[in-house]
S.K.: 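This is the structure I want to talk about, given as structure tokens.
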Amino acid sequence: MKFGILQFPGSNCDQDIKHVLSDVLGHPADYLWHKEERIGSYDALIVPGGFSYGDYLRCGAIARFSPAMKAVCKAAAQGTPVIGICNGFQILCESGLLPGALVRNRDLRFICEFVHLRVESDESPFLSKTRKGQVLRIPIAHGEGCYFASPETLEELRRDNRILLRYCDKNGTVSAASNPNGALDNIAGICNAQRNVFGLMPHPERASEPSLGSSDGRLLFESLIDSLTAA
């Protein structure tokens, strides 16, 4: 497997992702600079977290116009798996690869802490090594992580089983109390209709080794690798 990791001015999780993919899981990964119009052939692409272009205007609003993102959109349309993490999720929404938007957290403050996530669907290449209802412990770090979408979009996501992760407590209970940022329907991660584009606010790359306090995030990368190997 060979992965491509986008880099924007302001990205700060790109090196963490490369460490997990290359040093922990043993797969080559290249950095792809935001000005690159052609990104070559990769088994999967990852849009990392951080503050692309300083998060001026809106988070991800400038990154959507980068040459590299145009290439990512083209690759996604051809079926290449794409993961957007935190700021990457925001960029995927701004680019139209995923519906909805990420807005300011309910309490209007930056949140950096471990949260619990309930797997809502294991029928996805990004969660194939998990089971439905499984609770994962993965950290978040964002100021604009509140997922918002129209009632029609929410209904479509529910109907098509495209809500992949929801915020919950350690027992798997989804409630307002377990929602760290006010996201509608406790949504932490969704996929597109073709199920090859996945966006999530939590940082699996920061929970892929026991020394970091959790290795649950590693399951997401292993799921994608296993799915690509089986394809």
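The model shown is predicted, which means the values in this text are computed figures rather than measured ones. Just so you know, these numbers use all the heavy atoms, side chains as well, and skip hydrogens, waters and symmetry mates.
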S.K.: Does the side chain of C13 come within less than 4.5 Å of R206's, by heavy atoms?
M.R.: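 R206 vs C13: side chains touch.
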
S.K.: Do you know the tightest heavy-atom contact between C86 and A141?
M.R.: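 In terms of heavy atoms, the two residues are closest at SG-O, 3.5 Å.
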
S.K.: Which residue in the set E156, E155, E120, E123 passes salt bridge (charged side-chain N to carboxylate O under 4.0 Å, His left out) when paired with R162?
M.R.: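 Exactly one pass, corresponding to E156.
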
S.K.: Write down the atom of G60, the atom of I91, and the distance for their closest heavy-atom approach.
M.R.: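 Of all heavy-atom pairs spanning G60 and I91, the closest is CA-CG1, 3.6 Å.
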
S.K.: For residues I138 and G217, report the shortest heavy-atom separation together with the two atoms involved.
M.R.: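 That would be CD1-CA, 3.8 Å.
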
S.K.: If you look at every heavy atom in L102 and Q90, which pair is closest and at what distance?
M.R.: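 Looking at all heavy atoms of both residues, the shortest contact is CB-CG, 3.7 Å.
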
S.K.: For the hydrophobic clusters of this structure (ILVMFWY residues joined by side-chain heavy atoms under 4.5 Å, transitively), does one cluster hold both L136 and I111?
M.R.: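 In one cluster: yes.
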
S.K.: Working note: F198 + L92, criterion side-chain contact (heavy atoms from CB on, under 4.5 Å); need CA distance, chi angles, decisive distance, verdict.
M.R.: CA-CA 9 Å; F198 175 36; L92 294 183; over 6 Å; no

S.K.: Counting only heavy atoms not in F148, do more than 12 sit closer than 6.0 Å to its CZ atom?
M.R.: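 Not buried by this count: 12 neighbours or fewer within 6.0 Å.
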
S.K.: Look up atom CZ in R166 and atom CG in L117, then write down how far apart they are to the nearest 0.5 Å.
M.R.: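 Separation between the atoms: 12.0 Å.
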
S.K.: Can you find a heavy atom in the side chain of Y147 that is under 4.5 Å from one in the side chain of N181?
M.R.: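 In short, these two side chains do not touch, never coming nearer than 4.5 Å.
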
S.K.: Any sub-3.5 Å donor-acceptor pair from D169's side-chain atoms to G172's backbone N or O?
M.R.: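 Yes; at least one donor-acceptor contact below 3.5 Å.
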
S.K.: Would you call T173 and S178 a side-chain contact if the rule is heavy atoms closer than 4.5 Å?
M.R.: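 The answer is no, as the side chains (C-beta and beyond) never meet within the 4.5 Å cut-off.
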
S.K.: With rounding to the nearest 0.5 Å, note down the distance linking CD in E94 to CG in L57.
M.R.: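 Going from the CD atom of E94 to the CG atom of L57 covers 9.5 Å.
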
S.K.: Step by step, would you call N87 with F51 a side-chain contact (heavy atoms from CB on, under 4.5 Å)?
M.R.: CA-CA 7 Å; N87 187 226; F51 305 91; 5.7 Å; no

S.K.: In terms of heavy-atom contacts, does CZ of F110 have more than 12 from other residues, nucleotides or ligands at under 6.0 Å?
M.R.: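 Yes, the 6.0 Å shell around CZ holds more than 12 heavy atoms from other groups.
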
S.K.: Please report the interatomic distance CG(D122) to OG(S223), rounded to the nearest 0.5 Å.
M.R.: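 With rounding to 0.5 Å, CG (D122) is 9.5 Å from OG (S223).
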
S.K.: Would you please test Q194 and N196 for side chain to side chain donor-acceptor pair (under 3.5 Å) and show each step?
M.R.: CA-CA 6 Å; Q194 294 72 34; N196 68 308; over 6 Å; no

S.K.: I'd like to know whether L97 forms a side-chain contact (heavy atoms from CB on, under 4.5 Å) with N192, so could you lay out the CA-CA distance, the side-chain angles of the two residues, the decisive distance to 0.1 Å, and finally the verdict.
M.R.: CA-CA 7 Å; L97 288 175; N192 64 340; over 6 Å; no

S.K.: Can you check whether Y53 and H34 have ring centres sitting under 6.0 Å from each other?
M.R.: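 Close enough - the centres of the two rings lie under 6.0 Å apart.
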
S.K.: Check whether any side-chain heavy atom of I163 sits under 4.5 Å from a side-chain heavy atom of R158, and report yes or no.
M.R.: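 I163 reaches R158 side chain to side chain.
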
S.K.: P9 versus W33: any side-chain heavy-atom pair under 4.5 Å?
M.R.: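 A side-chain contact under 4.5 Å exists here.
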
S.K.: In the single-linkage hydrophobic clustering (I, L, V, M, F, W, Y; side-chain heavy atoms under 4.5 Å), do I85 and Y31 co-cluster?
M.R.: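 I85 and Y31: one cluster.
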
S.K.: Got P48 and L6 here, is their nearest side-chain heavy-atom distance under 4.5 Å?
M.R.: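 Yes, their side chains come closer than 4.5 Å.
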
S.K.: I want to check something: taking the side chain as every heavy atom from C-beta on, are L220 and F126 in contact at a cut-off of under 4.5 Å?
M.R.: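 Heavy-atom side-chain distance check fails, nothing below 4.5 Å.
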
S.K.: Show your working on side-chain contact (heavy atoms from CB on, under 4.5 Å) between F221 and E205 and close with a plain yes or no.
M.R.: CA-CA 9 Å; F221 297 112; E205 76 280 5; 4.2 Å; yes

S.K.: Would you check if Q134 and L219 make a side-chain contact, meaning some heavy-atom pair closer than 4.5 Å?
M.R.: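 Yes. Closest side-chain heavy atoms under 4.5 Å.
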
S.K.: Ignoring hydrogens and geometry, is there a side-chain-to-backbone donor-acceptor pair from N186 to S175 under 3.5 Å?
M.R.: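 The answer is yes, because a donor-acceptor pair under 3.5 Å joins these two groups.
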
S.K.: How long is the straight-line distance from CG of D55 back to CD of E144, given to the nearest 0.5 Å?
M.R.: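 The distance works out to 6.0 Å.
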
S.K.: If you measure from SG on C93 to CD1 on I190, what distance do you get to the nearest 0.5 Å?
M.R.: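 The distance works out to 5.5 Å.
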
S.K.: How close do A188 and F89 get, counting heavy atoms only, and between which atoms?
M.R.: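 Looking at all heavy atoms of both residues, the shortest contact is O-CE2, 4.1 Å.
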
S.K.: In this structure, are over 12 heavy atoms from other groups packed under 6.0 Å from R38 atom CZ?
M.R.: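 Result for CZ/R38: open.
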
S.K.: Donor-acceptor pair, S52 side chain versus A63 backbone, under 3.5 Å?
M.R.: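 Pair absent, no side-chain N/O of S52 close to backbone of A63.
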
S.K.: From I5 CD1 over to I39 CD1, what is the distance, rounded to the nearest 0.5 angstrom?
M.R.: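 Rounded to the nearest 0.5 Å, the CD1-CD1 separation comes out at 12.5 Å.
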
S.K.: Of all heavy-atom pairs between A44 and T80, which one has the smallest distance, and what is that distance?
M.R.: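 Heavy-atom minimum between the residues: CA-CG2, 4.1 Å.
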
S.K.: Under 4.5 Å between side-chain heavy atoms, hopping through other hydrophobics if needed: is there a path connecting L200 to L212?
M.R.: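 In one cluster: no.
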
S.K.: Could you tell me whether the side chain of D43 and the main chain of F3 form a donor-acceptor pair under 3.5 Å?
M.R.: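 No: the side chain of D43 does not pair with the backbone of F3.
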
S.K.: Any chance CD of E113 has more than 12 other-residue heavy atoms, nucleotides or ligands included, within less than 6.0 Å?
M.R.: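 It does: E113 CD has more than 12 such atoms within range.
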
